[in-house]
Amino acid sequence: MSDQTFTPKSDLVRVLQERGYVHQATDLAGLDAKAAAGPITGYIGFDATAPSLHVGNLVGIMLLRRLQQTGHRPIVLMGGGTTKVGDPSGKDATRQLLTEETIGANIESIRRAFGSFLTFGEPVSGGAIMLNNAEWLETYDYLGFLREFGPHFTINRMLTFDSVKLRLEREQPLTFLEFNYMLMQAVDFAHLKTANDCILQMGGSDQWGNIVNGVELIRRKGQGEAYGLTTPLITTSSGAKMGKTAAGAMWLNADMLSPYNYWQFWRNTEDADVGKFLRLFTDMPLDEVARLEALQGSEINDAKKTLADEATRLLHGAEAAISAAGAAKAAFEEGRHSTDLPTVEIARARLEAGLTLAELLSDVGGLAASRSEARRLAQGGGLRLNDVAEADAQRTVTSAELNADGVLKLAAGKKKIVLIRPV
């Protein structure tokens with residue numbers, strides 16, 4: 001890892017350092033010099049393990065955005081090939097293998113989110129491009145792949161990388177299929193270096209070993225200079241993994257998570273994280289970020305609303321952000337509900353037969369991870385039905401309790417609300 005204490009000459013490295021993106025770099029001073037001399041090309045890979053990326057992937061997307069904002073060319077690399085193997089980094093168990101059809105459908109679905117953050121176009125004008133590593137990885141036959149790349153890697157070295165070492169230390173299986181993943185990622189970098197003059201690979205801290213492999217492969221093959229950079233692991237102040245909640249992953253695609261719920265995710269940020277998240281996940285000027293994170297007491301809520309507004313605007317657009325903020329204000333500050341609130345449909349017959357509040361909260365509304373959590377919420381005074389506090393999560397609710405708008409308005413705590421509509 002290179003020294004990161006120098007004063008950057010390039011806008012790219014300066015911005016990445018100021019906003020908190022830099023964790024490790026193979027040669028940060030060298031990367032800074034290249035970026036100061038003219039436009040460079042960098043990439044991040046995204047495997048297609050689901051139909052949408054989630055907030056945990058957002059720091060990588062923002063890295064590509066910073067690259068483009070400072071005059072350089074980003075490549076979004078979709079892992080059509082590597083997804084067939086599965087990245088073992090940060091995983092305790094083998095990933096489920098997906099079919100080729102599922103991977104293709106996931107890639108098409110994932111594409112949508114990137115258009116909100118990057119400007120795509122001709123690389124010569126700085127436009128971002130999206131590539132699929134299946135295009136070259138699938139051209140190799142097994143013996144050809146081994147003969148061309150196998151001599152450049154040693155088992156001794158590969159065993160030292162965290163993605164392998166942690167599995168072995170915990171005596172958890174690491175398949176030979178997964179063991180090949182780091183070779184495939186290194187080959188991606190080498191291919192992009194030749195085909196697209198890409199000299200920079202970026203990723204999360206768990207990708208450090210894979211990225212170093214790519215830099216070293218390029219050097220060993222005599223392809224010239226290459227650089228790697230990773231971001232710190234993004235966690236909340238309480239230690240939770242970014243983007244993971246009791247309700248599940250915070251997806252980026254609107255058809256998997258509504259703009260309102262996305263807005264609420266950011267609004268619920270812990271006080272100590274507001275400044276960090278404003279720097280990482282919005283374009284707000286740093287002096288304004290400093291002002292907002294210095295707010296005290298109840299005023300910090302204004303900073304959280306600004307974070308929610310800006311993050312939602314970037315992904316879903318200004319109209320969706322305004323709508324989500326308005327729906328939250330109507331629900332939590334004015335005691336009324338908006339059509340923009342998340343709505344869950346339930347079979348009318350099922351509601352007429354009756355469900356407990358705990359079932360409505362966890363099984364139907366998704367506001368609690370379990371029925372036992374719903375019961376604890378009610379006992380603590382945090383469960384409300386149609387704006388009335390409910391202490392007994394076991395009591396039965398039927399369609400007779402629909403409000404004047406024909407819905408059940410269910411709230412968990414002060415910040416989570418859902419409308420349940422019979423159909």
Side-chain angles (χ1 to χ4, degrees), residues 1-46 56-77 87 89-90 118 128 152-153 157-158 160-165 181-183 185-193 196-221 223-235 242 276 279-281 286:
M1 184 174 66
S2 62
D3 179 23
Q4 300 176 17
T5 60
F6 67 95
T7 300
K9 297 178 181 177
S10 69
D11 287 341
L12 172 64
V13 174
R14 176 183 56 78
V15 167
L16 295 187
Q17 285 190 324
E18 288 177 345
R19 300 190 83 98
Y21 291 97
V22 180
H23 176 56
Q24 292 174 296
T26 56
D27 180 5
L28 196 62
L31 173 62
D32 180 58
K34 288 293 292 185
I40 65 170
T41 299
Y43 90 98
I44 297 179
F46 300 87
N57 303 114
L58 193 55
V59 68
I61 298 174
M62 292 300 294
L63 261 181
L64 293 173
R65 181 175 175 85
R66 303 303 181 210
L67 190 71
Q68 189 167 53
Q69 286 175 329
T70 52
H72 305 286
R73 297 182 293 267
I75 295 175
V76 178
L77 181 63
D87 184 2
S89 302
L118 301 172
H152 299 292
F153 298 89
R157 173 83 163 142
M158 293 167 74
T160 66
F161 291 126
D162 285 345
S163 59
V164 174
K165 186 168 61 175
Y181 188 94
M182 62 181 71
L183 276 70
Q185 188 167 325
V187 170
D188 283 345
F189 197 0
H191 173 88
L192 293 175
K193 179 67 168 64
N196 301 90
D197 194 26
C198 179
I199 66 168
L200 172 64
Q201 183 184 175
M202 302 177 290
S205 57
D206 61 336
Q207 295 299 310
W208 177 246
N210 293 340
I211 290 173
V212 169
N213 263 342
V215 171
E216 292 181 350
L217 177 62
I218 289 169
R219 176 180 57 80
R220 289 172 185 147
K221 289 177 66 66
Q223 294 178 269
E225 55 202 348
Y227 306 90
L229 183 146
T230 64
T231 59
L233 176 66
I234 308 300
T235 59
M242 185 66 184
K276 176 173 70 174
R279 280 185 284 273
L280 289 171
F281 301 116
L286 294 179

A.B. asks: Holding to side chain to side chain contact (heavy atoms under 4.5 Å, CB included), I want the full list of residues that pass it with Q68, two or more places apart in sequence or in another chain.
C.D. replies: P74, L118, T119, A128

A.B. asks: Who are the salt bridge (Lys or Arg N to Asp or Glu O under 4.0 Å) partners of K9, not counting sequence neighbours?
C.D. replies: none

A.B. asks: With rounding to the nearest 0.5 Å, note down the distance linking CD1 in I234 to CG in N57.
C.D. replies: 12.5 Å

A.B. asks: Using the test side-chain hydrogen bond (donor to acceptor under 3.5 Å, both in side chains), find all partners of T41 that sit at least two apart in sequence or belong to another chain.
C.D. replies: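 Once residues adjacent in sequence are excluded, the partners of T41 under the side-chain hydrogen bond (donor to acceptor under 3.5 Å, both in side chains) criterion are R73.
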
A.B. asks: Pairing donors with acceptors under 3.5 angstrom, does anything connect the side chains of Q185 and Q201?
C.D. replies: yes

A.B. asks: Backbone N or O of G228 within a donor-acceptor pair of the T26 side chain at under 3.5 Å?
C.D. replies: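 Judged by distance alone, yes, a pair lies under 3.5 Å.
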
A.B. asks: Please give me the minimum heavy-atom distance between L31 and Y227, naming the atom from each residue.
C.D. replies: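 Looking at all heavy atoms of both residues, the shortest contact is N-CE2, 3.5 Å.
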
A.B. asks: With sequence neighbours left out, what residues match T70 under side-chain hydrogen bond (donor to acceptor under 3.5 Å, both in side chains)?
C.D. replies: none

A.B. asks: I'd like to check the side chain to side chain contact (heavy atoms under 4.5 Å, CB included) partners of R220; sequence neighbours left out, ordered by chain and number.
C.D. replies: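 For R220 the side chain to side chain contact (heavy atoms under 4.5 Å, CB included) partners, ignoring immediate neighbours, are H152, E216.
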
A.B. asks: Could you list the residues that satisfy ring-ring contact (aromatic ring centres under 6.0 Å, His included) with F281, not counting sequence neighbours?
C.D. replies: W266, F277

A.B. asks: Checking K34 now: which residues fulfil side-chain hydrogen bond (donor to acceptor under 3.5 Å, both in side chains) with it, not counting sequence neighbours?
C.D. replies: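 For K34, the residues satisfying side-chain hydrogen bond (donor to acceptor under 3.5 Å, both in side chains) (neighbours in sequence not counted) are E225.
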
A.B. asks: Among all residues two or more places apart in sequence or in another chain, which pass the ring-ring contact (aromatic ring centres under 6.0 Å, His included) test with Y21?
C.D. replies: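 Here no residue qualifies.
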
A.B. asks: Over all heavy atoms of both residues, which pair between T231 and G204 is shortest? Give the atoms and the distance, please.
C.D. replies: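 Nearest pair, atom of T231 first, then G204: OG1-CA, 3.6 Å.
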
A.B. asks: Please name all residues satisfying salt bridge (Lys or Arg N to Asp or Glu O under 4.0 Å) with R19, sequence neighbours left out, ordered by chain then number.
C.D. replies: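 R19: no salt bridge (Lys or Arg N to Asp or Glu O under 4.0 Å) contacts found.
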
A.B. asks: Over all heavy atoms of both residues, which pair between G71 and P39 is shortest? Give the atoms and the distance, please.
C.D. replies: O-CB, 3.6 Å

A.B. asks: Could you point out which residue of L217, V215, N213 forms a side chain to side chain contact (heavy atoms under 4.5 Å, CB included) with F189?
C.D. replies: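 Passing option: V215.
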
A.B. asks: Looking at D188, L67, I199, which one forms a side chain to side chain contact (heavy atoms under 4.5 Å, CB included) with Y43?
C.D. replies: D188

A.B. asks: Please test V22 against L229 for side chain to side chain contact (heavy atoms under 4.5 Å, CB included), starting from the C-alpha separation and ending with a verdict.
C.D. replies: CA-CA 7 Å; V22 180; L229 183 146; 4.2 Å; yes

A.B. asks: Of all residues at least two apart in sequence or in a different chain, which pass the side-chain hydrogen bond (donor to acceptor under 3.5 Å, both in side chains) check with R14?
C.D. replies: D11, E18

A.B. asks: Shortest non-hydrogen contact from M202 to I211?
C.D. replies: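 Minimum heavy-atom separation between M202 and I211: C-CD1, 3.9 Å.
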
A.B. asks: Rounded to the nearest 0.5 Å, what separation is found between the OG1 atom of T230 and the NE2 atom of H23?
C.D. replies: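 Rounded to the nearest 0.5 Å, the OG1-NE2 separation comes to 5.0 Å.
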
A.B. asks: For H191, what residues pass the ring-ring contact (aromatic ring centres under 6.0 Å, His included) criterion, not counting sequence neighbours?
C.D. replies: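 Testing H191 for ring-ring contact (aromatic ring centres under 6.0 Å, His included), a comparison that skips the adjacent residues, returns W136.
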
A.B. asks: Between A226 and I218, what is the shortest heavy-atom contact and its length?
C.D. replies: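 In this case the closest contact between A226 and I218 is CB-CD1, 3.7 Å.
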
A.B. asks: Is there a side-chain contact between L16 and R66, using heavy atoms and a 4.5 Å cut-off?
C.D. replies: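 L16 reaches R66 side chain to side chain.
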
A.B. asks: In Å and rounded to the nearest 0.5 Å, what is the CG to CG distance from L192 to L77?
C.D. replies: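 Going from CG on L192 over to CG on L77, the span is 5.5 Å.
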
A.B. asks: Once side chain to side chain contact (heavy atoms under 4.5 Å, CB included) is applied, do any residues pair with A35, and if so which ones, sequence neighbours excluded?
C.D. replies: S10, L12, I40, H72

A.B. asks: Where do D32 and F6 come nearest, in terms of heavy atoms and distance?
C.D. replies: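 That closest heavy-atom pairing would be OD2-CE1, 3.5 Å.
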
A.B. asks: Determine yes or no for a side-chain-to-main-chain donor-acceptor pair under 3.5 angstrom, with K193 supplying the side chain and Q223 the backbone.
C.D. replies: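 Yes, the answer is positive, given that a donor and an acceptor are paired below the 3.5 Å cut-off.
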
